[in-house]
Amino acid sequence: MSSIFTKIVQGDIPAYKVAEDDRFLAFLDINPLVKGHTLVIPKQETDYLFDLDDNLLGDLMVFAKKVGKAIESVIPCERIGMTVIGLEVPHAHIHLIPIYSIYDMDFKKDKLKLTSSEFQAVADEIQSAFQ
Ligand code: AMP
C-alpha cells in the first residue's frame, strides 16, 4: 500500500505544498510545532532516509536547504532546525522547523492549531520565496 506521502505526491490527498520539482516535494506538517514547520520528501517512496541512494540523499539535502532558505526569509526565527524521526510515516522525510530555541523542536509539545486559511497563507508565503 502507498504511504500517505505518496498519496500526497499523486494528488490523492491534499497538502499545503510549498515547493516541488520532479524528484522532491515540500509541504507543511499538518501538526506543526511552530508556524512554517515543513516536511521535505523524495517523491520516490522509501521508508528509511538512510536507505536512499547516495545521490538522491545528497540532492534531497540541497533541495531542503533551498526550502529552508525560503522558510527563514518569511517566518521570523533564529534559524531553521532540521530533524529526522520517521517513526510515524514510513516514507523518508526531513522536518524543517523555524526555531528560536531548542524547545521549539520539542515533539512532546502541544501542536499548533491552524485554520485552513492560515495554513494556506503560510504555504503561499514560503512558496513565493522559494527559488
Ligand atoms: P515522523 O514519521 O515521526 O517523522 O512524523 C510524521 C510527521 O508527518 C508528523 O509530524 C505528522 O504531523 C506529519 N503528517 C502526517 N500526515 C500528514 C499529512 N497528511 N500532511 C502533512 N503532514 C503529515
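For clarity, every value in this text was computed on a predicted model and none was experimentally measured. Hydrogens, waters and symmetry mates are skipped; everything else that's a heavy atom, side chains included, is used. Positions are given from 1 along the sequence. In listed order, ligands and their atoms are each counted from 1.
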A.B. asks: Between F130 and F63, is the ring centre distance below 6.0 Å?
C.D. replies: yes
A.B. asks: Taking only residues two or more places apart in sequence, or in another chain, which ones meet R79 in a salt bridge (Lys or Arg N to Asp or Glu O under 4.0 Å)?
C.D. replies: none
A.B. asks: List in chain and number order the residues that pass salt bridge (Lys or Arg N to Asp or Glu O under 4.0 Å) with E125, two or more places apart in sequence or in another chain; answer none if no residue qualifies.
C.D. replies: none
A.B. asks: Tell me, which residues have any heavy atom less than 4.0 Å from some atom of ligand 1?
C.D. replies: I4, F5, I8, F27, L28, D29, I30, N31, L39, I85, G86, L87, E88, V89, H93, H95
A.B. asks: Mind checking whether V40 and F119 sit in one hydrophobic cluster, side chains of I, L, V, M, F, W, Y counted as touching below 4.5 Å?
C.D. replies: yes
A.B. asks: Please identify each residue that fulfils side chain to side chain contact (heavy atoms under 4.5 Å, CB included) with E20, with sequence neighbours left out.
C.D. replies: K17, L25, K43
A.B. asks: Evaluate the ring planes of H37 and H95, with Trp represented by its six-membered ring, and classify them as parallel (under 30°), tilted (30 to 60°) or perpendicular (over 60°).
C.D. replies: tilted
